[in-house]
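Protein chains get the first letters and strands the later ones, always in sequence-line order, with residue 1 at the start of each.
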There are 2 protein chains.
Amino acid sequence: MSVTGTRPAGRPRSERAEKAIVDATLDLIGEGASVSELSIEAVAARAGVGKTTIYRRWANKEELVGDALATLKAPLPVVAGRTVREDLVAYLDVMRQDSLHVRTRCIMNIAMSDQERHPRLYERFHQTAIEPRRAAMRAVLERGVATGELRADLDVELAMGMLTGTMLWYTKAASHGGALPSPDLASRIVDEALRGFRSAQA
Amino acid sequence: MSVTGTRPAGRPRSERAEKAIVDATLDLIGEGASVSELSIEAVAARAGVGKTTIYRRWANKEELVGDALATLKAPLPVVAGRTVREDLVAYLDVMRQDSLHVRTRCIMNIAMSDQERHPRLYERFHQTAIEPRRAAMRAVLERGVATGELRADLDVELAMGMLTGTMLWYTKAASHGGALPSPDLASRIVDEALRGFRSAQA
DNA sequence: TAGTTTCGCAACGACACCGTATCGTATGAT
DNA sequence: ATCATACGATACGGTGTCGTTGCGAAACTA
């Protein structure tokens, strides 16, 4: 251990290997493997590393998955107070785009998976990857209610559930047969929903 | 083989065992096991039978799961032309109730699972358990459009996605923390959605 | 009764995976 | 150069599961 702040003697940890491990983990989950199903052997093989390399960094699978998922802080689009419609479309379209890429599809797969078997993992994931998105969407809807564009009696939680649930339905349950969600799906959902959300004056 | 139509000599197949096997399969899936994760060993243990008893009836796991899921033809409520709202609430409430029981929760779990690994199984399930429900809901919405209660330009597929997706969101993704969907969830969803679906004359 | 079929249980060889240990080689610092 | 640490590959004992086989007992027919 050097006292001058330089790196200790010995071979340094390979950042390439660490990234490959994290990527392999997310890929396998994005491809459909549940956390229970995911195996360290498969991650190691996919990443092109030895199992010991994984175990030198993470004590167990749950720790690895937790760290891998923590990298998924998908940046929310910057929507500095445009119209409610545009902001909702932007947020909802992030979900659609996530579904198109195997790595970010993890978000959807984990959100819809059984949380009972890995409650701590799920909670951590929920705080980092799901709640920020919901908070942003909620803020937009509440802004719409405050400005009078949306009904004063709008159930904001239900509205969010409708937007999110519909996109999930289309990207996950209704995607059998390999059909991709169309690029205008987010706007179609938002427009349909806003018909009921808007106040009579709008 | 007797020519008089009486049963052949030998111990008869146990219907109790067969039912126990099917029930165990549905229970394990309802509890969160994916088709991939499900093991014959676990089914046998849960059902209190020997593995050979399972293999005497089914060649492999996929065949067993297929037959087990085929028993899930949940009867649709008889809704002989009441109001669109009432009919939609009735159908949507079947989903909510399904989510409360471990055995019928299979429908939701399978519908939201990755279909790529078991395409034939999924397709068979889709035809027997999902499509009849969608057809019934579609008929109600189309009736509403035909009578003028709903907008002539209503996107019926999107409307269905909104109703179904929202209920799924609440019963599956939003159910972390053990919160049960409230008994009035179906009517709240339908009422919120109908605000936008209804035609201006309604 | 004998004969037949099914039952649950146990065992089997094969395979996959876990977490650990070992090893020769690679990659750095000194 | 030596020393230290990390690497991938391999092996290991253990666990779990698969699909199959064998067996004594159970449940039936004739």
Per atom distances to the B:Glu41 side chain, the nearest of D:dT17, C:dC17, D:dG19 is D:dT17
When B:Val84, B:Leu194, B:Val190 are each screened for side chain to side chain contact (heavy atoms under 4.5 Å, CB included) with B:Val89, the one that passes is B:Val190
Between [X] and [Y] (salt bridge meaning N to carboxylate O under 4.0 Å), is one present in this structure?
{"X": "A:Asp184", "Y": "A:Arg96", "value": "no"}
{"X": "A:Arg13", "Y": "A:Glu18", "value": "no"}
{"X": "B:Asp27", "Y": "B:Arg105", "value": "no"}
{"X": "A:Arg134", "Y": "A:Glu157", "value": "yes"}
{"X": "B:Arg188", "Y": "B:Asp93", "value": "no"}

Rounding to a whole Å, what distance do you find between [X]:[atom1] and [N]:[atom2]?
{"X": "A:Lys61", "N": "C:dA16", "atom1": "NZ", "atom2": "C1'", "value": "13 Å"}
{"X": "A:Glu62", "N": "C:dG19", "atom1": "CD", "atom2": "P", "value": "11 Å"}
{"X": "B:Ile40", "N": "C:dA14", "atom1": "CD1", "atom2": "P", "value": "22 Å"}
{"X": "B:Ile54", "N": "D:dC18", "atom1": "CD1", "atom2": "P", "value": "9 Å"}

In B/S/- notation (B base, S sugar-phosphate only, - none; protein heavy atoms under 4.0 Å), nucleotides 4-14 of chain D written 5' to 3' is BBBBBB-----
